[in-house]
Amino acid sequence: THEGAGVGRLEGTVVFVEGALPGENVEVVLEKVKKKYATGRLDKIVTPSTSRVDPACSLYETCGGCQLQHLDYAKQLEAKTQRVGETLKRIGKLEDFVLKPIISMQNPWHYRNKAQLHAGLYEGKVRLGYYKPGSWDLVPISDCRLLPQDFSPVIRKLEELLNAAFIKAYDRRSKQGYLKHVVIKKSFASGEIMVVFVTSNKLTEKLSNIACQLREEFPSIVSVIHSVNASDKTNLGTNFTLIKGKNTIREKLEGITFSISAPAFFQVNVKQMEVLYQQSVNFASLKGTETVIDLYCGTGTISLFLAKQAGYVHGIEEIEMAVEDARLNAQLNRITNVEFHAGKVEIVLPELLEKCVRADVIVLDPPRQGCERKVLEAAVAMNPRRMVYVSCDPATLARDLGILQEQGYKTLEVQPVDMFPQTSHVECVVLMSRVEK
């Protein structure tokens, strides 16, 4: 399945089994039986798949962060490519497009530049980690195979300092406690690390002291930030206070420097991010004179990549703080042929059209839920000769490509990129061309 579970049949009923692989003969304990399907727990592998491997991480079966560590990496890539093709045909009703082999990673480990760790009480001590899937039960993470190796000593030291200072972890069930999350970010270019403490209440002297001790122990930690989050809906709050160091860390891609603040969205896999964005530029096929509009531009990463080869780029993003970062990144790199607009895409895009802005190319990079129909209609109204769609969810991608096909844009090429090895997630870059009537 798209979540990485094995699919079998028992007397005609579809059974979903986490940890099972295609071609295996398994014994399963049925846990939930519905009218049309059932879910089961893998009890015994009678005949294993030739593609089955031993998971590299001892916490693989409990933490829920990965879904495919038990599947050989080459087979992970095949499965993801196949899933993309089948989804586009089934949901989008698309035919006659070129599906390229997925772009893999040479080393599919330790690629994440960011960890979002929950704080919780575990065996009487404050620990940092992930929640077990579907629960508030903490799985302490001292060594994750997807995170940079220099995160492990930072996490262990943090836990030591938190317990020594008697910092209380926030409990999701009782809604009591102080420390909710710790977010750690790293620049792979400079080695700079940022630590963000997210708490239920204001900054305390104890936490400030921990920040000082942490920076003394690890010189690579150049930024320690505090954020208050009174809600359980998100990991970060809305206000950010600098405790120690500087407000941002800097990453560099393809000669472009990006300033990354605590709340800024930045792809977690920098190496594959370069691949993804370069593919977007290639599909845009720019000659140096075109006007490009980048929808959902975030902090301006794709926009700045495009600006190196376009005549002029307009980036549109709803989150104002991200737009501020985008403008700062443009200034930082002395890129002047780009302009960023804060607001909803479906509002700003028609406004640009009224101002006689015409797009030769439109790039769409929406969140996981894809684009609303009115966004797609506004993009079509611009009448660009081609569109490039960057997606992190094949299902919403297929739906949107189907709508754009109805509006006169044919899907030509689909390039999957493995941004998240060992997980079921897959990114795609899609080239669409206007059908001339």
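Please read all numbers here as calculations on a predicted model, not as lab measurements.
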Intermediate values then yes/no, side-chain contact (heavy atoms from CB on, under 4.5 Å), Met105 and Asn269: CA-CA 10 Å; Met105 285 199 78; Asn269 187 336; 3.2 Å; yes
Please report the C-alpha distance between Tyr73 and Ser104 in whole Å, then the side-chain angles of each, then the deciding distance to 0.1 Å, and finally whether the side-chain contact (heavy atoms from CB on, under 4.5 Å) criterion is met. CA-CA 9 Å; Tyr73 185 53; Ser104 64; 3.7 Å; yes
Passes side-chain contact (heavy atoms from CB on, under 4.5 Å), Ser190 versus Ile249? Steps please. CA-CA 9 Å; Ser190 66; Ile249 57 176; 5.7 Å; no
Check against side-chain hydrogen bond (donor to acceptor under 3.5 Å, both in side chains), Thr299 and Asp325: CA-CA 5 Å; Thr299 55; Asp325 283 340; over 6 Å; no
What's the verdict on side-chain contact (heavy atoms from CB on, under 4.5 Å) for Val348 and Glu318, showing C-alpha distance, side-chain angles and the deciding distance? CA-CA 9 Å; Val348 176; Glu318 183 177 350; over 6 Å; no
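Remark: His118 engages Tyr131, His181 in a ring-ring contact (aromatic ring centres under 6.0 Å, His included) (not counting sequence neighbours). When the side-chain hydrogen bond (donor to acceptor under 3.5 Å, both in side chains) test is applied to Glu413, the partners found at least two apart in sequence or on another chain are Lys100.
Lys180 contributes a side-chain N or O that, together with a main-chain N or O of Asn229, makes up a donor-acceptor pair within less than 3.5 Å. A distance-only check finds a donor-acceptor pair linking the side chain of Ser187 to the backbone of Arg250 [under 3.5 Å]. Judged by distance alone, with hydrogens and angles left aside, the side-chain atoms of Lys206 form a donor-acceptor pair with the main-chain N or O of Ala165 at under 3.5 Å. A donor-acceptor pair under 3.5 Å links the side-chain atoms of Gln272 to the main chain of Asp418, judged by distance alone. Judged purely by atom type and a 3.5 angstrom limit, Tyr111 has no side-chain atom pairing as donor or acceptor with the backbone of Val268. A donor-acceptor pair under 3.5 Å is absent between the side-chain atoms of Thr257 and the main chain of Lys252, judged by distance alone. For the pair Asp360 (side chain) and Thr291 (backbone), a donor-acceptor distance under 3.5 Å is present. Under a 3.5 Å cut-off, the side chain of Lys185 and the backbone N or O of Ala262 do form a donor-acceptor pair. With hydrogens and angles disregarded, no donor-acceptor distance shorter than 3.5 Å links the side chain of Glu86 to the backbone of Thr81. At least one donor-acceptor pair closer than 3.5 Å links the side chain of Ser424 to the backbone N or O of His2.
By the 4.5 Å heavy-atom criterion applied to side chains, His70 and Asp54 are not counted as neighbours. Inter-residue side-chain proximity for Tyr277 and Asp365 is flagged as met; some heavy-atom pair is nearer than 4.5 Å. Here the side chains of Val361 and Pro384 are not in contact, with every heavy-atom distance at 4.5 Å or above. Side chains of Thr301 and Gln267 form no contact here, defined as non-hydrogen atoms less than 4.5 Å apart. At a threshold of 4.5 Å between non-hydrogen side-chain atoms, the residues Asp150 and Lys186 count as touching. Phe197 places a side-chain heavy atom less than 4.5 Å from the side chain of Val182. A heavy-atom distance below 4.5 Å is found between the side chains of Leu146 and Cys66. By the 4.5 Å heavy-atom criterion applied to side chains, Val195 and Ile243 are not counted as neighbours.
Under 4.0 Å is where a charged nitrogen must lie from a carboxylate oxygen, and between Asp43 and Arg41 at least one such pair does. Taking the charged nitrogens against the carboxylate oxygens, Arg368 and Asp393 do have a contact shorter than 4.0 Å, which makes a salt bridge. The pair Arg156-Asp143 does not meet the salt-bridge criterion, since no charged nitrogen lies less than 4.0 angstrom from a carboxylate oxygen. The existence of a salt bridge linking Arg327 and Glu324 is excluded, since no basic side-chain nitrogen approaches an acidic carboxylate oxygen closer than 4.0 Å. Between Glu377 and Lys374, no side-chain nitrogen of the basic residue sits less than 4.0 Å from a carboxylate oxygen of the acidic one, so the salt-bridge criterion is not met.
The side chain to side chain donor-acceptor pair (under 3.5 Å) test with Ser259 is passed by exactly one of Thr248, Asn329, Asn333, Asn247: Thr248.
Between Ala326 and Gly298, the closest heavy-atom pair is CB-O, 3.9 Å. In terms of heavy-atom proximity, Phe283 sits nearest to Val430 at CD1-C, 3.9 Å. Taking all atoms of both residues into account, the shortest heavy-atom contact from Pro367 to Tyr296 is CD-CD2, 3.9 Å. In terms of heavy-atom proximity, Pro421 sits nearest to Gln76 at C-OE1, 4.2 Å. Here the closest heavy-atom approach between residue Leu68 and residue Tyr60 is recorded as N-OH, 3.3 Å. Pairing each heavy atom of Arg83 with each of Pro394, the nearest pair is NH2-CD, 3.4 Å.
Taking the six-membered ring for Trp and thresholds of 30 and 60 degrees, Phe420 and His425 have ring planes more than 60 degrees apart, a perpendicular arrangement.
Interatomic distance, Leu158 CG to Ile167 CD1, rounded to the nearest 0.5 Å: 11.0 Å. Residue Leu121 holds its CG atom at 8.5 Å from CG of Asn163, rounded to the nearest 0.5 Å. For the atom pair Leu364 CG and Cys297 SG, the distance stands at 12.0 Å (nearest 0.5 Å). Interatomic distance, Glu354 CD to Leu349 CG, rounded to the nearest 0.5 Å: 11.0 Å. How far CD1 of Ile302 is from CG of Asp294: 5.5 Å, rounded to the nearest 0.5 Å. Leu376 CG to Glu346 CD: the interatomic distance, rounded to the nearest 0.5 Å, is 10.5 Å.
More than 12 heavy atoms of other residues, nucleotides or ligands sit less than 6.0 Å from atom CZ of Phe16. When the shell of 6.0 Å around NZ of Lys308 is examined, it contains more than 12 heavy atoms from other residues, nucleotides or ligands. Shown here is Glu254, whose CD atom has more than 12 heavy atoms of other residues, nucleotides or ligands within 6.0 Å. Around the CD atom of Glu31, the shell of radius 6.0 Å holds more than 12 heavy atoms that belong to other residues, nucleotides or ligands. Applying the 6.0 Å contact sphere to CD of Glu274 captures more than 12 heavy atoms from other residues, nucleotides or ligands. Counting non-hydrogen atoms of other residues, nucleotides and ligands closer than 6.0 Å to CE of Met321 gives a total of 12 or fewer. For Asn239, the CG atom counts as loosely surrounded, since its 6.0 Å shell holds 12 or fewer non-hydrogen atoms of other residues, nucleotides or ligands. More than 12 heavy atoms of other residues, nucleotides or ligands shown are found within 6.0 angstrom of CD1 on Ile103.
The list of ring-ring contact (aromatic ring centres under 6.0 Å, His included) pairs with a residue in residues 324-377, not counting sequence neighbours, reads His314-His341.
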